[in-house]
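Heads up: the structure comes next, in structure tokens.
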Amino acid sequence: MITLALSKGRIFDETLPLLAAAGIEVTEDPDKSRKLILATTRPDVRVVLVRASDVPTYVQYGGADLGVTGLDVLLEGGNQGLYQPLDLRIAACRLSVAVRADYDYASAVKQGSRLTVATKYVNLSRNFFASKGVHVDLIKLYGSMELAPLTGLADAIVDLVSTGNTLKANHLVEVERIMDISARLVVNQAALKLKQAPIRRILDAFASAIPQS
Ligand code: ATP
Ligand code: PRP
């Protein structure tokens, strides 16, 4: 049995075409059931649904053989001992710094002000601001980061941006692009050895179906 860990949102939706290229169709709709293990048209392949930030953990400890997870999740703290053979170029977005439209970020940085930054990505943010020589106090949040500058909780946020609609709707502006993000395939090292042939077939099919920009 090959077990693939996916998160329920964009990653699930955007992995479906790659699975189709490997001749695999998920036979249950995760939006219509509470099931966490989904069967596929291949009796030897199943999908498990986990929180986005738990995908690397499942794969690392062998709860899943393969997983699809964002580069943001991997770099923030979940890439120990994982084989990362493919940039799948799906679920694309960027990690950015944003502030209120009336906040002069450039001057604050130039003057060496200490910035308060709210984010789910404390490790990535610490490294980014340290590399720029900007002093920051980081506040860890788990969602709705956009609210922080609006309520006075923080001067800036570090969050994922794709269409930019959420920033716009909350009168925030993107002032720095930290990095481009896309989803990666991650593979359990032991599974790669023990189930080499079926895993290789899936890797090859995924590789051939990666969207070209
Ligand atoms: P959870 O399982 O924690 O509820 P989720 O179901 O929202 O999360 P997905 O949507 O499947 O998770 O995947 C989140 C990943 O999608 C992020 O880690 C990131 O790499 C990518 N992504 C692309 N665009 C966005 C966006 N606009 N917002 C959030 N994540 C995005
Ligand atoms: C994400 C992210 C931003 C928004 C960006 O949140 O945290 O708030 O999407 O996307 P946009 O640029 O297309 O507007 P989401 O609501 O997906 O959920 P999350 O906060 O649970 O990650």
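In listed order, ligands and their atoms are each counted from 1. What you see is a predicted model, and the numbers here were worked out from it, not measured in a lab. Scope of the values below: all heavy atoms of this structure, side chains included, with no hydrogens, waters or symmetry mates.
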Closer than 4.0 Å to some heavy atom of Val161 - which atoms of ligand 2 meet that? 12 (O)
For ligand 2, is any non-hydrogen atom under 4.0 Å from Arg10's backbone (N, CA, C, O), its side chain (CB onward), both, or neither? side chain
Apply the test side chain to side chain contact (heavy atoms under 4.5 Å, CB included) to residues Leu75 and Met179: give CA-CA distance (whole Å), side-chain angles for both, the deciding distance (0.1 Å), then the verdict. CA-CA 11 Å; Leu75 295 181; Met179 65 175 71; 3.5 Å; yes
Hey, is atom 18 (O) of ligand 2 touched by any protein heavy atom at less than 4.0 Å? no
In terms of atom number and element, which parts of ligand 1 are under 4.0 angstrom from non-hydrogen atoms of Ser7? 2 (O), 9 (P), 11 (O), 12 (O), 13 (O)
Would you sort out whether Asp31 and Lys8 count as a side chain to side chain contact (heavy atoms under 4.5 Å, CB included), showing the intermediate values? CA-CA 8 Å; Asp31 293 331; Lys8 211 173 171 175; 4.2 Å; yes
Can you figure out which of Gly70, Ala52, Ala91 has its heavy atom closest to atom 23 (C) of ligand 1? Ala91
Looking at Ala148, is its backbone amide N or carbonyl O close enough to the side chain of Thr151 to form a donor-acceptor pair, meaning the two atoms are under 3.5 Å apart? yes
Pairing of Asp180 and Arg94 as salt bridge, 4.0 angstrom limit: no
Which residue and atom name correspond to the protein heavy atom nearest atom 25 (C) of ligand 1, and how close is it? Arg10 NE, 3.3 Å
Does Thr40 reach the main-chain N or O of Ile24 with its side chain, forming a donor-acceptor pair under 3.5 Å? no
Side-chain donor-acceptor pair under 3.5 Å between Ser96 and Glu174, yes or no? yes
Hey, are Thr3 and Arg46 close enough side-chain-wise for a donor-acceptor pair under 3.5 Å? yes
To check your reading of the model: name the closest protein heavy atom to atom 8 (O) of ligand 2, its residue, and the distance in Å. Glu146 OE2, 2.6 Å
Which residue and atom name correspond to the protein heavy atom nearest atom 13 (O) of ligand 1, and how close is it? Ile11 CG1, 3.2 Å
Consider every N or O of Arg51 and every N or O of ligand 1, then say whether any pair is closer than 3.5 Å. yes
Heavy atoms of other groups near Lys193 NZ, more than 12 under 6.0 Å: no
List ligand 2 atoms under 4.0 Å from Lys120, heavy atoms only on the residue side. 22 (O)
Apply the side-chain hydrogen bond (donor to acceptor under 3.5 Å, both in side chains) test between Lys195 and each candidate in Asp44, Asp65, Asn188; give the one that qualifies. Asp65
Contact (N/O only, under 3.5 Å) between Gly164 and ligand 2: yes
Could you work out, for atom 27 (N) of ligand 1, the closest of Ser53, Ser162, Gly164, Cys93 by heavy-atom distance? Ser162
Nearest neighbour in protein (non-hydrogen) for atom 11 (P) of ligand 2: Thr163 OG1, 3.2 Å
Atom 14 (O) of ligand 2 sits nearest the protein heavy atom Thr166 OG1, 2.5 Å
Please determine whether side chain to side chain contact (heavy atoms under 4.5 Å, CB included) holds for the pair Leu66 and Phe206, giving the CA-CA distance in whole Å, both sets of side-chain angles, and the decisive distance to 0.1 Å. CA-CA 12 Å; Leu66 306 162; Phe206 274 28; over 6 Å; no
Donor-acceptor contact present, side-chain Asn170 to main-chain Leu172, <3.5 Å: no
So, does Ser7 use its side chain to make a donor-acceptor pair with the main chain of Gly9 at under 3.5 Å? no
Do ligand 2 and Asp159 have nitrogen or oxygen atoms that lie under 3.5 Å from each other? yes
Val73 and ligand 1 - part of the residue with a heavy-atom distance under 4.0 Å: side chain
Among all the protein's non-hydrogen atoms, which is closest to atom 5 (C) of ligand 2, and how far away is it? Leu160 O, 3.4 Å
Protein residue, atom and distance nearest to atom 10 (O) of ligand 2, heavy-atom basis: Ser162 OG, 3.5 Å
Which atoms of ligand 1 sit under 4.0 Å from any heavy atom of Leu160? 17 (C), 19 (C), 29 (C), 30 (N), 31 (C)
Of the side chain and backbone of Ile181, name the one, both, or neither that has a heavy atom under 4.0 Å from an atom of ligand 1. side chain
Sub-4.0 Å atoms of ligand 1 with respect to non-hydrogen atoms of Asp72: 17 (C), 18 (O), 19 (C), 20 (O)
Nearest non-hydrogen atom to atom 6 (O) of ligand 1 belongs to which of Gly9, Pro30, Ala92, Gly143? Gly9
Spell out, as yes or no, whether a donor-acceptor pair under 3.5 Å connects the side chain of Glu25 to the backbone of Ala20. no
